[in-house]
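Below: the structure, in structure tokens.
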2 protein chains.
Amino acid sequence: MNAVHLLLAVQLVKAYTGNMGIAERKERQRAELREQILRVARDIVVKEGFPALSMRKLADAVEYAPATLYLHFENREAIAKELCVRGFQDLLATLEPAAQVEDPLERLPKLAEAYVRFGLEHPETYRLIFMEDPKLSTALFGDNPESAGPRSFGVLVQVFVNLLAAGRLEAGTKPEQLAEVLWAGVHGIVSLRLTCTGFPGTPAEELTQVLVTTLVKGLPGLKAGRA
Amino acid sequence: MNAVHLLLAVQLVKAYTGNMGIAERKERQRAELREQILRVARDIVVKEGFPALSMRKLADAVEYAPATLYLHFENREAIAKELCVRGFQDLLATLEPAAQVEDPLERLPKLAEAYVRFGLEHPETYRLIFMEDPKLSTALFGDNPESAGPRSFGVLVQVFVNLLAAGRLEAGTKPEQLAEVLWAGVHGIVSLRLTCTGFPGTPAEELTQVLVTTLVKGLPGLKAGRA
DNA sequence: AGTGGTTTGTGAACACCGTTCATGAACGCC
DNA sequence: GGCGTTCATGAACGGTGTTCACAAACCACT
């Protein structure tokens with residue numbers, strides 16, 4: 001915060017003296033380098049996984065000394081956090097089209113499919129967000145409710161809110177609980193695929209479909225009584 | 001394998017010469033030290049998490065030089081793998097009582113509850129098995145089908161096999177798929193709890209119940225038609 | 001009892017890692 | 001041109017996993 005305030009103060013002074021072009025350029029360059037660092041870091045993570053992202057390798061890739069990175073980020077974790085935030089925004093963006101579907105019962109499978117697809121298409125990003133460091137994942141939900149984390153969860157909740165509002169669900173049903181169950185299901189499918197790569201199992205897309213239809217309709221043709 | 005063969009050869013020779021007490025003691029001591037290393041390693045992992053398990057700290061704790069550890073394990077990962085195997089055996093043991101329940105529809109919630117309980121009661125063990133290194137998790141399922149990994153999954157499959165055999169499920173239903181969905185669900189619940197610690201949500205036990213009843217009966221009071 | 005060979009243990013080193021800090025260079029302002 | 005701020009860095013610190021030459025302990029055999 002100190003640095004930001006200082007920069008703002010400098011800008012204001014420059015504006016007052018009628019000479020702010022240089023300060024603007026400097027801040028722009030600073031922001032550009034920060035962005036470049038994040039771009040390269042993302043590339044490394046996507047290609048080799050988060051554990052392979054070392055400050056020295058990253059510094060080499062952006063052609064600066066390792067110490068320079070610390071002028072733009074507090075530490076390695078701060079870089080990871082930023083990548084997490086952006087990764088989660090990508091996930092939310094992937095969910096967005098499916099979230100537009102009007103009928104909640106049609107929306108549900110589309111959302112699940114989109115979620116799982118994102119996880120499988122961006123495994124290292126997904127791992128970074130949900131499976132690397134609890135500190136990273138926790139941070140994505142702890143802060144303001146307008147960030148991608150809570151908003152994504154909200155998209156899931158909305159499905160059941162809509163169903164409930166339309167009188168299509170039993171009164172008293174808690175939409176958040178069902179959303180959490182759904183989330184656990186799709187997250188489970190993705191994360192098991194990403195970790196137990198050797199496990200045979202059915203294709204993730206098919207499994208997602210089975211998950212959704214079972215959650216909606218229950219076990220196929222179930223006879224409750226004893227056999 | 002070489003070392004083992006050598007030891008066997010030595011034992012045989014000793015037996016032939018009528019003097020195998022010493023070789024026995026040596027092997028026993030060797031196995032004891034190996035076991036002690038694993039015990040201490042487990043303690044560290046359970047208390048401080050797998051990332052905190054360093055070879056030097058472990059060597060200090062067992063009062064040997066770091067290099068000595070490499071006489072008993074190929075590397076750090078080999079220790080982790082062994083801890084994984086044993087952790088999974090514990091998980092299977094936790095599932096065992098629930099697996100004994102005769103009625104599959106009663107068994108299902110018990111299994112789910114036991115699974116989730118294990119994950120929450122042994123978070124670092126669960127993390128080690130399923131969330132640290134893909135190589136570790138993969139190894140647990142890749143090898144022989146009698147290991148704890150496939151056997152645990154088999155316990156889940158059995159629920160649906162029994163239902164199907166009793167004619168209580170629609171013919172053509174694939175038990176493995178349903179088991180996988182169930183597994184994804186409970187794993188999702190546990191792993192989200194362990195990573196997104198900040199997320200509020202309903203208690204895991206309640207959520208597990210909702211998951212199971214929804215999977216069995218479908219969405220409560222669902223009206224399929226448009227509102 | 002002494003000797004030789006095997007097993008067991010280790011200190012030191014290598015190549016990394018994240019991070020810090022004093023030093024130096026570049027830059028914009030006066 | 002001189003000065004103060006900003007930017008960049010080399011070198012260092014303490015940590016990591018791992019290897020390897022070397023030493024010590026041990027057991028078997030003469």
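Labels below follow one simple rule: chain letters A, B, ... track the order of the sequence lines, proteins then strands, and each chain is numbered from 1.
Distance B:Arg56 CZ to C:dA12 P: 13 Å, rounded to the nearest Å. One interatomic measurement links the two molecules: CD of B:Glu27 to P of D:dC26, which rounds to 18 Å at whole-angstrom precision. A:Phe73 places its CZ atom 15 Å from the P atom of C:dT20, with the value rounded to the nearest Å. Between the C1' atom of C:dT19 and the OH atom of A:Tyr70 lies a distance of 5 Å, rounded to the nearest Å. Rounded to whole Å, the distance from CD on A:Glu74 to P on C:dT20 is 8 Å. Between the CE atom of B:Met55 and the P atom of D:dT16 there is a distance of 12 Å, rounded to whole Å. Rounded to an integer number of Å, the gap from CD of B:Gln29 to C1' of D:dC27 is 13 Å. In this structure, A:Arg34 atom CZ and D:dA8 atom C1' are separated by 18 Å, rounded to whole Å.
Among the protein residues, A:Ile79 comes within range of no part of the nucleic acid, since none of its heavy atoms lies under 4.0 Å from any strand.
More than 12 heavy atoms of other residues, nucleotides or ligands sit less than 6.0 Å from atom CD of A:Glu82. The 12-atom threshold is not exceeded at CZ of B:Arg42, counting heavy atoms of other residues, nucleotides or ligands nearer than 6.0 Å. Within 6.0 Å of CD on B:Glu121 lie more than 12 heavy atoms contributed by other residues, nucleotides or ligands. Within 6.0 Å of the NZ atom in B:Lys57, the count of heavy atoms belonging to other residues, nucleotides or ligands exceeds 12. Atom CZ of B:Arg151 has 12 or fewer neighbouring heavy atoms from other residues, nucleotides or ligands inside a 6.0 Å radius. Shown here is A:Gln29, whose CD atom has more than 12 heavy atoms of other residues, nucleotides or ligands within 6.0 Å.
Looking at heavy atoms from C-beta onward, A:Cys84 lies out of side-chain contact with A:Glu132 at the 4.5 angstrom threshold. At a threshold of 4.5 Å between non-hydrogen side-chain atoms, the residues B:Val159 and B:Leu178 do not count as touching.
Using a 4.0 Å cutoff on non-hydrogen atoms, no part of residues 38-45 of chain B comes near DNA chain C. Of all the residues in residues 127-139 of chain A, not one reaches under 4.0 Å from DNA chain C with any non-hydrogen atom.
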Between the protein and nucleotides 8-11 of chain C, list the N/O to N/O atom pairs that are separated by less than 3.5 angstrom.
| from | atom 1 | to | atom 2 | distance (Å) |
| --- | --- | --- | --- | --- |
| C:dT10 | OP2 | B:Ala65 | N | 2.9 |
| C:dT10 | OP2 | B:Thr68 | OG1 | 2.8 |

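The six-membered or imidazole ring of B:Phe88 lies away from that of B:Phe118, with a centre-to-centre distance of 6.0 Å or more.
Between A:Tyr115 and A:Tyr126, the two ring planes are perpendicular [angle over 60°; tilted spans 30° to 60°]. Using the six-membered ring where Trp is involved, B:Trp183 and B:Phe130 have ring planes that are perpendicular, over 60° apart on the 30 and 60° scheme.
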